Amino acid sequence: MLNDLLPGRKILDVWSSYGGVIHRGKNHIKNKKYFSQFRKKVVGEKIESVNRRGKNVLIHLNKNKTILVHMKMTGHLLFGKYQKAGAETKKPEGWEKEPWFPIKNKALQDPFNRFIRLVFTLSNGKHLVLSDVRKFAKVCLIEKGEKTDLDDLGPEPLDKNFNFEIFKTIILHRPNSPIKSVLMDQGLIAGIGNIYSDEILWLSGIHPESRVSKAPEEKLKLIFKNIKLLLAKGIKFKGDSTSDYRNPDGIRGAFQYHHKVYQRKGEKCLKKGCGGKISRIVVGGRSAHFCDRHQKKY
DNA sequence: TGCAGTGTTGCTTC
DNA sequence: CGAAGCAACACTGC
């Protein structure tokens, strides 16, 4: 979607609401002065293309520079016409926390889009903004040859070359770990988060705490198949807006309407004829939802 | 009212 | 090496 909107536009200016939204190098190093360095390097550049690696959005500029955006829990990128409040301008109600607000666009005026921490002013009167309630999101500039977080990511699960044998080899590097933690380890496989791991394991009929090496081959095959299936479904429905996530046009994704287990604690299992109930436990520090009947623990 | 919970990840400690 | 616990942060819902 951003790849339809951004390429060809020039970055005219960058604004941020707090020092620290811009990070540098590997491992999340924060420093207020990085913002001015970042701004100097990207202003005047033209956006060539946009793509994704794992959970990172990559905005490629000319001269071998790439802006990396990781939205973490509550970040989302929005695109449209925005205005910065001044002495004369009046903001919509509820938008007092940050100075930027969208002009004449109902979807962008969604209350979950209020937390505008970073603004790229683009050519032709449009803006790319980052809304992020919890301020976990991270943005950094990658210059050619620099080491980045991307170097540590596992393969893309939707890549045609990512086959069952590769999957099996990768996850068996952590034979005694719970399967859910392994699926969510970005260094093993890139891009699977908490919601998708729960949904993958429900569909595969395997308990989130199952040890990788104990799971039978046919279960691993099922998990492999369902990773591809559910990530593709997530993309098809334009993401999951259980919480605050919005698409670049400000509109909700629809994957939340297709949850079978995530956040269904205490409700009936939706698998035909199962009759089980959904439980919630903590695995690897994250909430894990599963059916107490048809998800087998190995 | 207080506290658990939250599309995530990195650091510290053991 | 790996696992657990905590930290970053702000808000919602029970």
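Scope of the values below: all heavy atoms of this structure, side chains included, with no hydrogens, waters or symmetry mates. Proteins get letters first, then strands, A, B, ... in listed order; numbering begins at 1 in each. From a predicted model like this one, the values you see are computed outputs, not experimental measurements.
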*Validate the cation-pi geometry between K135(A) and Y18(A): distance from NZ or CZ to the six-membered ring centre under 6.0 Å, angle to the ring axis within 45°.*
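Judged by the rule (NZ or CZ under 6.0 Å from the ring centre, within 45° of its axis), K135(A) counts as positioned above Y18(A).
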*Is it the case that K219(A) places NZ or CZ above or below the six-membered ring of Y298(A), under 6.0 angstrom from the centre and within 45 degrees of the axis?*
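Checked: cation-pi criterion not met.
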_Among dC9(C), dC11(C), dG7(B), the nucleotide that comes nearest once only the side chain of Y245(A) is considered_ =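 When the side chain of Y245(A) is considered, dG7(B) is the closest of dC9(C), dC11(C), dG7(B).
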*State whether the aromatic ring of Y196(A) stacks on the base of dG7(B), taking stacking to mean ring centres under 5.5 Å apart and ring planes under 30° to each other.*
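Base of dG7(B): not stacked against Y196(A).
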*Ignoring hydrogens and angles, are the base of dT8(B) and the side chain of R286(A) linked by a donor-acceptor pair under 3.5 Å?*
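Flag unset: no donor-acceptor pair detected.
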_Pairing check on dG13(C): which nucleotide meets the Watson-Crick or G-U wobble criteria with it, both distances under 3.5 Å?_
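The base-pairing partner of dG13(C), which may sit in any strand shown, is dC3(B).
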*Given the P atoms of dC9(C) and dT1(B), what is the spacing between them in whole Å?*
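Looking at atom P only, dC9(C) and dT1(B) are 25 Å apart.
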*dC14(C) and dG7(B): how far apart are their P atoms, nearest whole angstrom?*
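So the two P atoms sit 15 Å from each other.
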*With a non-hydrogen cut-off below 4.0 angstrom, is K265(A) in contact with a base, only sugar-phosphate, or nothing?*
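Result for K265(A) = nothing.
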_Same apolar cluster: L122(A) and V69(A), side chain cutoff 4.5 Å_ =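 Yes, one cluster joins them.
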*Would you say dT8(B) has OP1 or OP2 under 4.0 Å from some side-chain N or O of K55(A)?*
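Yes, because at least one side-chain N or O of K55(A) sits under 4.0 Å from OP1 or OP2 of dT8(B).
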*Does OP1 or OP2 of dA3(C) have a side-chain N or O of R174(A) closer than 4.0 Å?*
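Affirmative; the distance criterion is met.
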